[in-house]
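Quick notes on the structure that follows.
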Amino acid sequence: MHHDDIMEGLLGSGMVPDVESFGGIERVLEQGVVYGASVYADEFVELVLPYRGTRQDAVDGFLANVLSVIARGPELDTIADRLLSLNFDDGPAGTKVFRQFLAIAGDRGRPVPLRNAALKGALALARDDAGRLTRLEADLIDTEVDDDSTYIAHAARIAGILSAKKGNPALAQFLVTMAEIQGAEDQVRFELGLLSLQRAIEASDTDTVIENLRMAMSDFDRAASLRESRYDARLFKNSIGLLLGFHERTVPTAFAETVASLEQDAFAYTEYSLAGRPNPILGAIASQIAALVSLSRNLVALIERAAEDVWLDAINVIERHLLVAYEANRSIFAGASAHGVDCVIRPKLETRVFGNRDHLKHLTAWFRLHSEKFDADLTRDLKEAIERVYRGDESFPPDAGSTYPLEPALLGRVRATDVAASDQLLDEVAGNMATLIKDRTSVAVIDMLERVAASLSAVPDYKRPKASIDFNTLVLSLGIFLEQKLDSSIEQDRFSAYLFQHGDSLPVEKDLQQDFLRHGKSSALPIQDEVKGVAGGRADIRYDNGRHRLTIEVKRELKDASFDSLLEFYGEQTLMYQTTNLKLGVMLVLDLSQHRVTTSHMDTWYETRVGDLMKDGTERGVLIVKVPGRRGTPSAATVAAKKSARKPRKRKAT
């Protein structure tokens with residue numbers, strides 16, 4: 001049977017193709033030229049890429065053969081996206097293909113989708129090769145103003161990427177030249193905005209930073225006005241507007257609502273623009289948008305918290321908001337410290353935060369007790385800024401505070417009052433915190449509380465009111481943690497990076513353990529790690545509220561992470577730690593059992609089991625919470641869908 005007929009039959013029946021359907025990997029690798037001419041060339045490339053780790057030379061040779069004959073735009077575009085994410089060692093054959101791509105891109109008689117795909121393929125093959133990059137830049141600059149507007153827009157996108165990489169002023173001038181081309185202007189303006197944003201991030205002078213941010217905002221605004229679907233341009237424009245407003249103290253009263261709307265728009269943009277397949281170019285734009293939105297979120301949090309007399313959750317404020325915002329140019333944009341947006345943000349933060357002696361005491365205590373968790377380079381500038389304040393005002397001794405970041409400010413507030421006043425202050429704060437929790441807890445976390453409570457309602461120990469309250473407190477913290485991990489990205493939360501690791505260097509149990517410890521301690525949960533002498537062993541994490549102690553057993557699963565399997569293999573160990581306390585256990589599992597193109601809803605990542613779980617006639621309950629690792633991004637969610645939902649295509653007559 002012809003190879004296209006086989007592929008068509010597999011895709012049409014919803015089956016995932018494999019190399020065995022085409023005679024095995026050896027046979028497939030020999031047929032690069034044949035498969036390159038196929039209408040399913042991209043599908044055949046997908047078949048062989050998993051073998052690249054062990055047979056790189058053979059697979060790269062196959063890719064070069066495919067690319068030497070491919071003449072269909074959609075398939076070439078898909079393959080070019082994959083090439084952009086590979087370190088493609090193509091050798092002399094790659095040079096020939098690179099020149100072929102440039103010839104196709106410059107041939108105005110060819111279909112525009114094929115020309116666009118060829119230009120992207122040339123970018124993938126150019127990489128860091130100085131000769132190829134120079135040739136690609138020259139071809140882009142030579143694009144004529146009367147060329148097809150769709151091709152000009154695509155050329156502008158490639159020019160923007162190269163200009164950001166090499167800083168060639170001729171490319172920037174090319175974009176300026178094309179800025180008035182009808183049908184391409186929105187993309188050209190968008191690329192000019194990105195270049196201005198990059199110049200702002202690289203600048204060290206505040207006036208230069210602000211000037212470039214304003215230029216970027218103007219170009220993004222123009223791009224958004226030209227095309228309704230330019231969600232990316234609107235997101236950049238609005239985010240930069242909020243950043244400038246923060247600097248100029250003209251932050252709108254609805255700042256928090258504006259940021260919330262930005263987050264929704266950013267998610268919608270990612271889903272809209274990356275709905276077809278992973279796209280490295282659009283993916284980079286989505287990451288930049290996420291970075292700006294993340295910065296906006298941290299700024300609104302700091303605006304709210306700067307007005308507070310004391311920070312009752314100082315660790316959370318400092319680690320999740322202040323450090324990120326103060327070091328935004330480096331921590332968010334991977335630029336140089338004290339450059340770019342740091343010049344815009346830091347002066348205002350220092351006025352708002354350093355002007356409060358209690359906040360300064362928090363920071364002093366935090367540096368003494370917790371800063372070692374972070375790279376010293378990341379915290380150096382903030383530490384030096386605090387020391388400058390102390391040197392300028394001797395009323396703030398550097399050794400202020402005692403053993404816990406909350407103590408200095410609290411003691412300063414109640415030092416001249418009696419015990420009753422102190423208790424009243426704490427009661428008021430605790431009541432406010434309870435209100436915040438009720439108002440801000442998501443529906444998914446509330447559902448988790450309700451489902452766990454319903455399933456454990458028959459367990460005798462859970463029926464005791466104080467015991468159920470303590471257990472539910474832990475469930476709430478686990479629910480918020482799970483929600484944060486499912487929502488997180490590397491750009492927004494560097495502590496979640498281990499969930500996106502792939503290949504041989506997979507994360508270990510300790511990564512999940514330390515992540516939850518950081519989360520729990522930041523919210524004042526009474527937890528400890530590596531507690532010895534518990535049921536003859538050592539507890540991974542223990543929640544200890546005096547009378548009731550609950551152990552969280554942390555596991556990593558590489559094979560079968562079904563709830564039944566986890567209970568079978570780790571259930572008894574989890575429950576044994578409760579030998580002398582509540583007959584309720586918690587298992588927290590890092591699920592590495594598969595590469596995840598998609599991530600299912602939160603309510604599928606936890607379950608409870610109730611019964612005679614240890615076969616000793618005693619009723620027990622256990623909550624199992626899984627945190628998915630080896631994750632992809634939302635934009636990768638449709639990779640599998642392309643194969644399963646794609647309608648069979650008829651093979652063209654030859």
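- Side chain of S163 to backbone of A159: no donor-acceptor contact under 3.5 angstrom is found.
- Within the 3.5 Å criterion, the main-chain N or O of A336 finds a donor-acceptor partner in the side chain of N329.
- Between atom CD1 of residue I161 and atom CG of residue L136 there is a gap of 10.0 Å, rounded to the nearest 0.5 Å.
- A search for side-chain hydrogen bond (donor to acceptor under 3.5 Å, both in side chains) contacts involving D511 returns nothing, not counting sequence neighbours.
- Under a cut-off of 6.0 angstrom, the local environment of CD in Q182 is sparse, with at most 12 non-hydrogen atoms contributed by other residues, nucleotides or ligands.
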request  = Please report the C-alpha distance between D147 and I181 in whole Å, then the side-chain angles of each, then the deciding distance to 0.1 Å, and finally whether the side-chain contact (heavy atoms from CB on, under 4.5 Å) criterion is met.
outcome  = CA-CA 10 Å; D147 205 331; I181 302 298; over 6 Å; no

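- With hydrogens and angles disregarded, no donor-acceptor distance shorter than 3.5 Å links the side chain of H339 to the backbone of A200.
- Between the side chain of N298 and the backbone N or O of V324, no donor-acceptor pair lies under 3.5 Å.
- Salt bridge R108/D148: absent, no basic N to carboxylate O contact under 4.0 Å.
- With respect to the salt-bridge test (charged N to carboxylate O, under 4.0 angstrom), the residues R230 and D221 do not qualify.
- One N or O on the side chain of S225 and one on the backbone of R222 form a donor-acceptor pair closer than 3.5 Å.
- Looking only at side-chain heavy atoms (C-beta outward), M217 and F236 stay at 4.5 Å or farther from each other.
- D205 places a side-chain N or O within 3.5 Å of a backbone atom of T208 that can act as its donor or acceptor partner.
- Of all heavy-atom pairs spanning L295 and I345, the tightest one is CD1-CD1, 3.7 Å.
- For the pair D515 and K485, the salt-bridge criterion is met [side-chain N within less than 4.0 Å of a carboxylate O].
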query = So R157 and Q187, side chain to side chain donor-acceptor pair (under 3.5 Å) or not? Walk me through it.
reply = CA-CA 7 Å; R157 175 176 289 166; Q187 184 64 46; 3.3 Å; yes

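- Nearest approach of V209 to V341, heavy atoms of both residues: CG1-N, 4.4 Å.
- Side-chain contact between V627 and F516 is absent, with no heavy atoms from C-beta onward closer than 4.5 Å.
- Checking side-chain atoms of D219 against main-chain N and O of E191 turns up no donor-acceptor pair under 3.5 Å.
- Between the side chain of S218 and the main chain of R214, no donor-acceptor pair closer than 3.5 Å is present.
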key: Audit row: V317, E308, side-chain contact (heavy atoms from CB on, under 4.5 Å) steps and yes/no   = CA-CA 11 Å; V317 175; E308 298 174 356; 5.8 Å; no

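- Listed here is the closest heavy atom pair of L192 and A172: CD2-O, 4.4 Å.
- E202 meets the side-chain hydrogen bond (donor to acceptor under 3.5 Å, both in side chains) test with Q198; sequence neighbours excluded.
- If you look at Y151 and H154, their ring centroids are not closer than 6.0 Å.
- Across all non-hydrogen atoms, the minimal contact from F500 to R631 is CD2-O, 3.7 Å.
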request  = Evaluate side chain to side chain donor-acceptor pair (under 3.5 Å) for S196 paired with N212, printing each intermediate quantity in order.
outcome  = CA-CA 5 Å; S196 294; N212 279 286; 4.6 Å; no

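- Between the H370 side chain and the I315 main chain, no donor and acceptor come within less than 3.5 Å of each other.
- Taking a cutoff of 4.0 Å between a charged side-chain nitrogen and a carboxylate oxygen, E185 and R227 do not qualify as a salt bridge.
- The side-chain hydrogen bond (donor to acceptor under 3.5 Å, both in side chains) search around E180 returns R189, not counting sequence neighbours.
- Applying the 6.0 Å contact sphere to CZ of R518 captures more than 12 heavy atoms from other residues, nucleotides or ligands.
- No side-chain heavy atom of L197 sits under 4.5 Å from any side-chain heavy atom of M215.
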inquiry  = Test salt bridge (charged side-chain N to carboxylate O under 4.0 Å, His left out) on E327 and R346; report intermediate values, then the result.
reply    = CA-CA 8 Å; E327 296 287 351; R346 287 184 180 183; 3.0 Å; yes

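- Between V445 and M602, some side-chain heavy-atom pair lies under the 4.5 Å cut-off.
- Counting all heavy atoms, side chain and backbone alike, A224 lies closest to A233 at N-CB, 3.9 Å.
- For E137 and R132, the salt-bridge test fails: no basic side-chain N is under 4.0 Å from an acidic carboxylate O.
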task = I would like to know whether D342 and R330 meet salt bridge (charged side-chain N to carboxylate O under 4.0 Å, His left out); could you show each step before the answer?
result = CA-CA 9 Å; D342 288 355; R330 177 164 50 189; over 6 Å; no

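- No side-chain heavy atom of N116 sits less than 4.5 Å from a side-chain heavy atom of D77.
- Below 30°, between 30° and 60°, or above 60°: for F481 and H519 the angle between ring planes is between 30° and 60°, a tilted geometry.
- Put simply, the side chain of L119 reaches to within 4.5 Å of the side chain of L140, judged on heavy atoms.
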request  = Apply side-chain contact (heavy atoms from CB on, under 4.5 Å) to the pair L194 and F220, showing each step before the final yes or no.
outcome  = CA-CA 8 Å; L194 289 178; F220 289 136; 3.9 Å; yes

task = Let me see the working for L512 and Y498 under side-chain contact (heavy atoms from CB on, under 4.5 Å), right down to the final yes or no.
result = CA-CA 8 Å; L512 178 60; Y498 69 98; 3.5 Å; yes

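- Looking only at side-chain heavy atoms (C-beta outward), L349 and L322 come within less than 4.5 Å of each other.
- Taking the side chain as every heavy atom from C-beta outward, F367 and L382 approach each other to under 4.5 Å.
- Smallest separation of non-hydrogen atoms from S477 and L525: OG-CD2, 3.5 Å.
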